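To start, the structure under review is shown below, and the notes come after it.
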Amino acid sequence: MKNKSSLIVILLFAFVLHCGKDSNQENTSPEETEKSISADMIEAKKVSPSAPRAEGSSESSSVENQLGQVFVPIQNAAERLLEYQIQLSYETQDLIKTRKDLLSFITKYGFIESSSAVNSDSPYMSLRVRIRSEKIYDALIELDSYGVLQSEDISTVDHTEGMALQKIKSNREKIRLLRRTNANNQTSAQSKNWQAIEEAISESENGLDNSEHEIWKIKDKVKWATLSIQFTIPTQPDRIQIPIYKNAWIGILNLFLELTYYLIWMIPFLILVGILYLPLKKIYQYFRK
């Protein structure tokens, strides 16, 4: 009996402990949920002010760089023969560094035609570059890292029609040259007019050469895009310019020295006037009487 009663007491004690744990979990769970909700609200409050700041930063960046990145045209070289002519203007903070970066840019994408740079109170740099047309997109994207885009002008010249015309001319000249050569071979030596035949064949050859040259020029223009770039620095605020006062004293001394120099030149004339003054005065008084 004692064993049974002690077993019953142990079971009741275990049941009471289990119920206490459940009640504690039920009591603490609302507090924890409230704490988690309040923490989420605090985080939401922290996040919410940052959203307009991000918008403000994007707006400020858009104000500083209103044009954004350079416009990249859509190229379809498989159907059209396009010659690209691009003019860009950038604003950079460090013109010397940008010039060094452009040297590697030019060797990477093409070659330079002309360049000029001035390092003064308002420094600027302008250059004209020929770059490969298949690398035009990579080149324009890389140029955006050198400064802030200020202006752009992208135009194309369509040489598709001109190429078709030159190919027609080239094929026609080939046919004419072949026909004249065959006619020359079929004509007897006695009836040949060598001068006329030579002139006709030379005319066909020259026409064929001109057509082939025009085809080459069109392919070269399509292969190499022309890129004109100008870099400037932001407008600097007005500065107080303090003159160099010692230059004024130097100027006064230089003026004094010049006066003494001319005075030395005038000494002989002054001596001559002094010598002739008394005789001339006596002569003047004599005739006056």
Side-chain angles (χ1 to χ4, degrees), residues 51-163 214 216-241:
R53 288 181 184 176
E55 293 176 357
S57 62
S58 63
E59 290 177 359
S60 62
S61 63
S62 64
V63 170
E64 294 177 357
N65 187 5
Q66 294 181 357
L67 289 179
Q69 293 183 346
V70 68
F71 174 74
V72 179
I74 299 175
Q75 187 183 25
N76 192 357
E79 296 180 0
R80 313 298 299 181
L81 299 175
L82 302 178
E83 175 191 359
Y84 283 94
Q85 298 176 355
I86 305 173
Q87 296 180 359
L88 302 173
S89 177
Y90 288 93
E91 188 177 81
T92 179
Q93 298 293 333
D94 191 350
L95 191 62
I96 303 300
K97 181 180 180 301
T98 303
R99 181 179 177 275
K100 293 180 180 179
D101 294 336
L102 283 173
L103 293 177
S104 60
F105 172 84
I106 293 170
T107 56
K108 182 179 178 181
Y109 292 102
F111 62 94
I112 186 171
E113 283 191 346
S114 61
S115 174
S116 62
V118 175
N119 189 10
S120 62
D121 294 336
S122 299
Y124 70 91
M125 180 177 60
S126 61
L127 64 159
R128 183 181 175 91
V129 185
R130 298 294 297 275
I131 61 176
R132 293 185 179 274
S133 297
E134 64 268 15
K135 296 182 179 180
I136 187 172
Y137 307 112
D138 297 333
L140 293 178
I141 292 173
E142 185 172 340
L143 279 175
D144 283 339
S145 62
Y146 297 155
V148 180
L149 180 64
Q150 300 297 312
S151 64
E152 66 177 0
D153 184 7
I154 301 176
S155 60
T156 58
V157 179
D158 193 351
H159 293 283
T160 309
E161 182 179 357
M163 177 63 80
E214 291 297 327
W216 178 88
K217 289 196 295 184
I218 292 175
K219 289 182 178 180
D220 183 71
K221 291 178 180 179
V222 173
K223 182 179 179 181
W224 296 93
T226 304
L227 186 61
S228 300
I229 320 170
Q230 184 175 7
F231 286 92
T232 57
I233 63 171
T235 303
Q236 301 295 326
D238 294 336
R239 297 177 297 176
I240 298 175
Q241 297 181 356

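Since the structure is predicted, the reported quantities are computational estimates derived from the model, not experimental observations.
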Using the side chain to side chain contact (heavy atoms under 4.5 Å, CB included) definition, which of the options T156, I154, T226 pairs with I86? I154

Can you find a pair of side-chain heavy atoms, one from L102 and one from I112, that are under 4.5 Å apart? no

Sub-4.5 Å side-chain heavy-atom contact between K221 and V157: no

Report the residues that fulfil side-chain contact (heavy atoms from CB on, under 4.5 Å) with I229, sequence neighbours left out, ordered by chain and then residue number. Y90, L127, L143, L227, F231

Could you tell me the separation between the NZ atom of K135 and the CD1 atom of I141, rounded to the nearest 0.5 Å? 14.0 Å

Counting N and O atoms only, with roles assigned by atom type, does the side chain of S133 sit under 3.5 Å from a partner on the main chain of K223, one being a donor and the other an acceptor? yes

Can you name the ring pair (Phe, Tyr, Trp, His ring centres under 6.0 Å) partners of Y124, sequence neighbours left out? none

S115: side-chain hydrogen bond (donor to acceptor under 3.5 Å, both in side chains) partners, not counting sequence neighbours: none

All salt bridge (charged side-chain N to carboxylate O under 4.0 Å, His left out) counterparts of K217, not counting sequence neighbours: E214

Y109 meets the ring pair (Phe, Tyr, Trp, His ring centres under 6.0 Å) criterion, sequence neighbours left out, with F105

Determine, step by step, whether N119 and L95 satisfy the side-chain contact (heavy atoms from CB on, under 4.5 Å) criterion, reporting the C-alpha distance in whole Å, the side-chain angles of both residues, the deciding distance to 0.1 Å, and the verdict. CA-CA 9 Å; N119 189 10; L95 191 62; over 6 Å; no

List the steps, then state whether side-chain contact (heavy atoms from CB on, under 4.5 Å) holds for K219 with M163. CA-CA 9 Å; K219 289 182 178 180; M163 177 63 80; 3.7 Å; yes

T98: partners by side-chain hydrogen bond (donor to acceptor under 3.5 Å, both in side chains), with sequence neighbours left out: T92

How would you list, by chain and number, every residue that makes a side-chain contact (heavy atoms from CB on, under 4.5 Å) with S155, sequence neighbours excluded? Q85

Point-to-point distance, once rounded to the nearest 0.5 Å, from OG of S228 to CG of L88: 8.5 Å

Give the minimum heavy-atom separation between A117 and M125, together with the two atoms involved. CB-CG, 3.9 Å

According to side-chain hydrogen bond (donor to acceptor under 3.5 Å, both in side chains), who are the partners of S145, at least two apart in sequence or on a separate chain? none

Name all residues meeting the salt bridge (charged side-chain N to carboxylate O under 4.0 Å, His left out) criterion together with K108; count only those two or more places apart in sequence or in a different chain, and write none if there are none. E142

Listed partners of D138 passing salt bridge (charged side-chain N to carboxylate O under 4.0 Å, His left out), at least two apart: none

State the OG-CD distance between S89 and E91, to the nearest 0.5 angstrom. 8.5 Å

Taking C-beta and beyond as the side chain, do Q87 and E152 meet within less than 4.5 Å on heavy atoms? no

My understanding is that only residues two or more places apart in sequence, or in another chain, count here; which of them pass side-chain contact (heavy atoms from CB on, under 4.5 Å) with D94? I96, K97

Who are the salt bridge (charged side-chain N to carboxylate O under 4.0 Å, His left out) partners of R130, not counting sequence neighbours? E113

